[in-house]
Amino acid sequence: MAIKERMSGNEAVSYAIKQINPDVMPAFPITPSTEIPQMVSTYIANGEIDTEFIPVESEHSSMSAAIGASAAGARTLTATSSAGLAFMWEELLLAASNRLPIALALVLRTLSGPININCDHSDGMGARDTGWIQIYAENNQEAYDNFIQAYRIAEHKDVKLPIMICQDGFITSHAVENIELLEDEKVKNFVGEYQPEEYLLNPGKPISVGPYAVTNYVMEGKKNQLIALENAKQVILDVAKEFAGISGREYGFFGEYKTEDADYIILLIGSAAGTAKDAADQLRKEGVKAGILKLRVFRPFPAKEIAQALKNCKAAAILDRCESYNTNGGVLGSEVTAALYQNKIMIETVNYMYGLGGRDFTVEDARGVFEDLRNIVEHNAAPEQFKYIGLR
Amino acid sequence: MNQEIEIRWHGRGGQGAKTAALLLADVAFKTGKYVQGFPEYGPERMGAPITAYNRISDDRIRVHSNIYDPDYVVVVDETLLHSVDVTAGLKKDGAIIINTAKTPEEVRPQLNGYEGRVVTVDARNISEEALGKYFPNSPMLAAVVATSGVMGKEQFLKEMEASYKHKFAKKPEVIAGNMKALEMAFDAVGC
């Protein structure tokens, strides 16, 4: 039976790591993800797991060491946030292009400047073109559940790609909330042993990792990487289905809350989804058909599925928690509207920017967004394409 | 108690307001409640004003925002009354619990016209008597539990003893003093 507990998001991910007992964890501390290597190294010091912990001098090195360990054939992970992820930039691309199924616990935090330690999605979204799988959590439960599913997706023979398991810095990483944990044995059986097909420490089948490719091979390498990411879609769904079997908790590319008959839908990522659901419930009581689409899998991007989920609503708000400085909206705003256009779904949309540097997002804020959408539809108001929420 | 209560803590970095909020989440969880305990981080340093929050509910909690209309406010350091609007949004049928040697009548003029219940607890005196040192968070935790009625005294003390045994596994000598501080504060509030 499920174990009822209470813990923070960082504790939840660390607990999942303990239950998985991976082979190698290189890490360098950075707020707000520091607790994860701290807790994991405590588990190691107490003899509860036998993961090899490598203290390094920077994130450039932690990801480099993770690449080396993973290429050698070890089940590998690290954790970081913000500038730490930015400092891994070059290595993130190497991990993905060398098809190394590394797991990264990303605790989302803004990027400078101004320097700030609080949550937004600048770090995760900034890494959107690095070839990693990215899965985002609303709360501690999802962070835990997603981490337990991570290696099954990343290590699958049709995928073999690194995976980021993301949660909102402080908002979930440092908030103690109720959670249901799985028994150690169940997790162990679900995740299974890692058996890489090819790895450096296999004298019977020598390979080379990361050699120079002449122009004749580069495009094919990149295309193969893309195929792997496309394959990940089915694997993510298959793993989620199997996970539901042991946990009773269901996951897909996104979570839909009262969207089926909704006139107005807010699409967003992360902890603000719960807040927006409370707003949707309030509005439903007032006779407004409001719904929430919470994106869980951002890479690979489920474009067609999102378009289908939005096709029957009158207007949708797309909420971005990072500025992309293209002067035409945020990351989700651009990608979701492109998905709608490609699928010939011509609903009204407004792209909002919210929660930068930890700016609070409240039930009232979410109600205000729904109010905007109603105005556009009921009064035929011309939608402002790109708005900030809570800007002073 | 209400279906959901919201508590806002005001303290200074290093006084343990965040720890107290997490401990409250811990004990409320043990009584079968859904809980949230979370800090709001600014530029952290010893002595800077900090805020922490609790939600305690019979139903699953989905909202992830700060608390603007709390049922209860706890002020761990009375010097904050000069610099922070501690009663902002505080519900009239709720209460503010302040760590001070003064009476409620004496501090009320500093509360921006707050008309609800004012509870004062001399956490310094209690802590120094029970622990021989000034750690205000244990007495303030007991005071907010007593004032809000989140749980009864016996259950609270029993769960706190278990929490302290876990938290202070490496220094069990401080458990008895903390337990005494909790009981003294609980009784001082007298609910």
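Protein chains get the first letters and strands the later ones, always in sequence-line order, with residue 1 at the start of each. Just so you know, these numbers use all the heavy atoms, side chains as well, and skip hydrogens, waters and symmetry mates.
Sorted by first and then second residue, the pairs that involve residues 81-90 of chain B and meet side-chain hydrogen bond (donor to acceptor under 3.5 Å, both in side chains), not counting sequence neighbours, are B/D85-B/N112. The salt bridge (charged side-chain N to carboxylate O under 4.0 Å, His left out) pairs that include a residue from residues 149-168 of chain B are B/K153-B/E183, B/K153-B/D187, where partners are two or more places apart or lie in different chains.
For the ring-ring contact (aromatic ring centres under 6.0 Å, His included) test, residues two or more places apart in sequence or in another chain that qualify with B/F168 are B/Y164.
Defined by atom type and a distance below 3.5 Å, a donor-acceptor pair is missing between the side-chain atoms of A/N10 and A/S8. Side-chain contact, B/R62 with A/Y257: a donor N or O sits under 3.5 Å from an acceptor N or O.
Per-residue heavy-atom pair counts under 4.5 Å with chain A were compared for B/K30, B/Q36, B/H64, and the maximum is reached by B/H64. Chain A forms the most heavy-atom pairs under 4.5 Å with one residue out of B/F38, B/Y34, B/Y68, and that residue is B/Y34. Between chain B and the residues A/T31, A/T275, A/N118, A/N178, the largest count of heavy-atom pairs under 4.5 Å involves A/N178.
Under a 4.0 Å N-O distance rule, the pair B/D69/B/K91 does not qualify as a salt bridge.
A distance-only check finds a donor-acceptor pair linking the side chain of A/N139 to the backbone of A/Q141 [under 3.5 Å].
Within residues 170-177 of chain B, no residue has any heavy atom closer than 4.5 Å to a heavy atom of chain A.
Heavy-atom distances place the backbone of A/F361, and not its side chain, under 4.5 Å from chain B. With a 4.5 Å cut-off on non-hydrogen atoms, B/D26 touches chain A through its backbone and its side chain both. For A/N140, no part lies near chain B; criterion is any non-hydrogen pair under 4.5 Å.
The closest side-chain heavy-atom distance from A/L108 to A/Y136 is below 4.5 Å. Contact of the B/L81 side chain with the B/I98 side chain is registered, since non-hydrogen atoms from C-beta on lie closer than 4.5 Å.
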